[in-house]
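Quick note: residue numbers are just sequence positions, from 1. Note that ligands are numbered from 1 as they come in the structure, with each ligand's atoms numbered from 1 the same way. This one's a predicted model, so the numbers in the text were calculated from it and none came from an experiment.
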Amino acid sequence: MFSVSQYSGTIDENYQLVIKQLKALVEGETDRIANLSNASALLNQFLEKINWAGFYLFDGKELVLGPFQGLPACVRIPLGKGVCGTAASTGKTMRVEDVSQFPGHIACDAASRSEIVVPMIKEDRLIGVLDIDSPITNRFTETDQYYLEKFAAALLPYI
Ligand code: SME
């Protein structure tokens, strides 16, 4: 649907374009699985040097694996456990430069070196998290965090 060559601007321009593409994909669609699936596919073809991009959804008790791109991953993550469970329980984005130094990191793909997890909260209710892994240490910058939080916020009304 989209080709990588479209993302030929600055980092800011490229992120703004991908958020515009996200909105075009989800607007008018109410099915959360469809919207999360397209969002994970969109991020996977946009972001360089990543090996996993997807979602965990809160079922009222714990995080459960949702739509994603990448290797098969652990299905259930208790709140407070790993990078995802920590982001979910604190409500704060976790940007982990080196996952081997993060106590309790859950290694789904042994190749993962750094990770960013953005909590998705709607009207004080935890909906889930956006999780992206990279095989490169320190892959995610403050700019990535800024735009991935915007990406997650743009998706939130549609899930
Ligand atoms: N590494 C995550 C688990 C999910 S996988 O990366 C897909 C964590 O520690 O929460």
Atom pair NZ (K23) and CG (L155), whose distance is rounded to the nearest 0.5 Å: 11.5 Å

Atom 3 (C) of ligand 1 [closest protein heavy-atom partner, distance rounded to 0.1 Å]: I106 O, 3.5 Å

Of H105, R95, M94, the residue whose pairing with E115 passes side chain to side chain contact (heavy atoms under 4.5 Å, CB included): H105

Shortest protein contact, atom 6 (O) of ligand 1 (heavy atom only): D133 OD2, 2.7 Å

Closest contact, heavy atoms only, I127 versus R32: CG2-NH2, 3.5 Å

Subset of ligand 1 atoms that lie under 4.0 Å from at least one heavy atom of H105: 1 (N), 9 (O)

Y56 near ligand 1 by a heavy-atom separation under 4.0 Å: yes

For atom 5 (S) of ligand 1, the protein heavy atom that lies nearest, with its residue and separation: C108 SG, 3.2 Å

Region of D131 engaging ligand 1 - heavy atom pairs below 4.0 Å: side chain

Non-hydrogen atoms of L126 and A88 that approach each other most closely: CD2-CB, 3.8 Å

Which residue and heavy atom of the protein sit nearest atom 10 (O) of ligand 1, plus the separation: C84 N, 2.8 Å

V83 contact mode with ligand 1 (heavy-atom cut-off under 4.0 Å): both

Ring centers of F151, Y15 separated by less than 6.0 Å: no

Test item: side-chain donor near acceptor, Y7 and Q21, under 3.5 Å: yes

Protein heavy atom at shortest distance from atom 2 (C) of ligand 1: E115 OE2, 3.1 Å

